[in-house]
Amino acid sequence: MARRCRKILLIHPLGVNWVSGEKDMARIANIMPPIGLCSLASWVESKGHRADIHDCYAHPGDDHRIDHYLRTESPQFVGFTTTTSSFPDAVRIAAHIKKNYPRIKTIFGGVHLSAVPERIMREYRQIDYGVVGEGEEPLLAIMESNGAALDGVPGVLYRNAGEVVVNDLAKTRFDLDTLPFPAYEKLHGFPNEYPLPIFNYPKAPGTSVVSSRGCYYQCSYCDRSVFGQSFRYNSPDYMIDLMRYLKKRFRIRHVNFYDDLFTFKRKRVETFCQKLAAADLKMTYNCAARAEHIDRDLLRLLKQSGCWMVSLGIETGDPELLSRHRSCADLEMIRERIHWIRQAGLRVKGLFMMGLPGETEKSIDRSLKYVLSLPLSDFNLAKFTPFPGSPAYETIREHGEFDETWELMNCLNFVFVPHGFTKDQLDEHYRNFYTQYFRRPLLLASYLTMLWQSPDSWIRFVKNFRDFWAVKRAYAAKRA
Ligand code: SF4
């Protein structure tokens with residue numbers, strides 16, 4: 001029987017993505033494509049339906065485009081992907097849709113809905129259907145059944161006579177190589193309006209790619225509600241075909257693999273590197289890894305195949321605090337691996353956070369000393385945020401004050417203040433950390449080398465210099 005073609009508009013909500021009251025520098029530094037929505041769009045289209053995407057994050061203030069689409073295209077569904085901080089914006093748009101286009105059904109998915117599904121469905125009547133976990137199969141089932149016969153469809157939430165019905169997650173998961181390539185072309189202005197993180201790439205245009213799902217670890221600060229405790233991945237051939245396609249269709253020159261554990265399956269990465277080097281695509285890439293999943297031979301292969309930078313999640317330089325929050329908290333092993341990465345000729349970015357439960361003045365001090373002793377090429381310090389769904393969330397109020405304002409839960413605001421601090425004190429430590437890191441002459445000199453290593457970043461920096469300078473002055477004024 002022929003399927004009836006249905007239409008969906010997929011929306012990436014804006015959310016509040018910067019420090020409350022300050023200019024949104026996050027959007028200047030990096031606009032990441034909503035890869036999950038691009039993947040869902042190509043998936044439903046491969047099944048004979050039609051999907052379009054509106055990205056409020058890349059195009060804030062363009063809500064009129066949503067109205068225009070709904071009036072002219074009359075989709076049956078609007079789907080939202082939500083993080084904790086963008087959820088309120090998605091609810092705002094959904095309320096507008098239910099009021100003005102009551103015939104359209106709204107579907108919510110993403111990490112925030114997956115973390116607290118029943119609570120959200122109970123409290124937000126603007127949402128007709130919820131999707132927990134991976135979106136492909138549940139979304140297709142909702143679209144094809146048009147809301148009827150959802151009983152037992154894995155991962156779907158709906159209402160029956162006003163009561164929220166929650167279906168269990170699917171027991172088996174499909175092969176990621178069966179997915180069509182994400183529909184990046186559905187993003188208005190792609191790739192030029194989606195710059196990668198500044199100073200994090202050698203050549204433009206670039207974009208992000210996800211080649212695996214899930215993670216076996218259980219760090220206290222990490223919510224794994226969507227993909228769970230597993231690890232599935234694309235084959236090396238799929239990854240290289242996707243890179244080739246991105247180059248041919250969008251002139252992409254650099255790829256940022258946005259996988260949590262890119263090197264987890266060593267054999268896959270080894271084969272990927274060998275095949276990529278042989279394919280001679282003349283593209284570069286970045287990846288993220290856990291320190292225990294790299295070795296010297298693998299780093300050599302990464303370098304030979306075009307890898308430019310490896311990011312390592314380190315979190316804190318205080319060994320006791322680290323061992324409270326993640327397994328394998330060996331800071332000397334991490335230091336050794338950072339040296340290996342540099343010796344292989346790769347850049348290395350350290351990812352840290354401040355304000356974890358148990359943080360003290362002493363742990364911040366130790367962390368700063370550790371960071372300053374490492375040969376990092378780049379560094380990021382997030383403000384710890386207890387996301388719903390993370391292990392830390394369950395007991396967070398035992399360890400300090402927690403302001404659960406979802407809009408502010410974006411790792412850029414201290415919504416959690418551990419015992420022994422005030423929020424102002426934490427903010428002061430945060431500013432001091434960045435100041436100490438960036439004021440070293442050698443570090444500043446290394447940014448000058450970016451003139452030839454990442455000229456596009458410098459062009460962006462110069463274009464937005466007034467905004468960067470204003471942020472620096474605001475920091476200095478707060479510290480005075
Ligand atoms: S932080 Fe990284 S390693 Fe830890 S659980 Fe999350 S994805 Fe896994």
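Order of listing sets the numbers, starting from 1, for every ligand and every atom in it. Everything quoted here is computed from the prediction, not taken from an experiment.
For H339, there are no side-chain hydrogen bond (donor to acceptor under 3.5 Å, both in side chains) partners two or more places apart in sequence or in a different chain.
For an aromatic pair to be called close, the ring centres must be under 6.0 Å apart, and Y437 with F352 fails this.
Salt bridge D365/K362: absent, no basic N to carboxylate O contact under 4.0 Å. Salt-bridge annotation for R92 and E407: absent, with no side-chain N of the basic residue lying under 4.0 Å from a carboxylate O of the acidic one.
Distance check for atom 2 (Fe) of ligand 1: every protein heavy atom is found at 4.0 Å or beyond.
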(request) Go through S305 and Y285 one step at a time and tell me if the side-chain hydrogen bond (donor to acceptor under 3.5 Å, both in side chains) criterion holds. (result) CA-CA 9 Å; S305 62; Y285 66 93; 2.8 Å; yes
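Of all protein N/O/S atoms, those lying under 2.8 Å from atom 4 (Fe) of ligand 1 come to 1.
Figure legend: cation-pi geometry between R290 and F264 absent, as NZ or CZ is not positioned both under 6.0 Å from the six-membered ring centre and within 45° of its axis.
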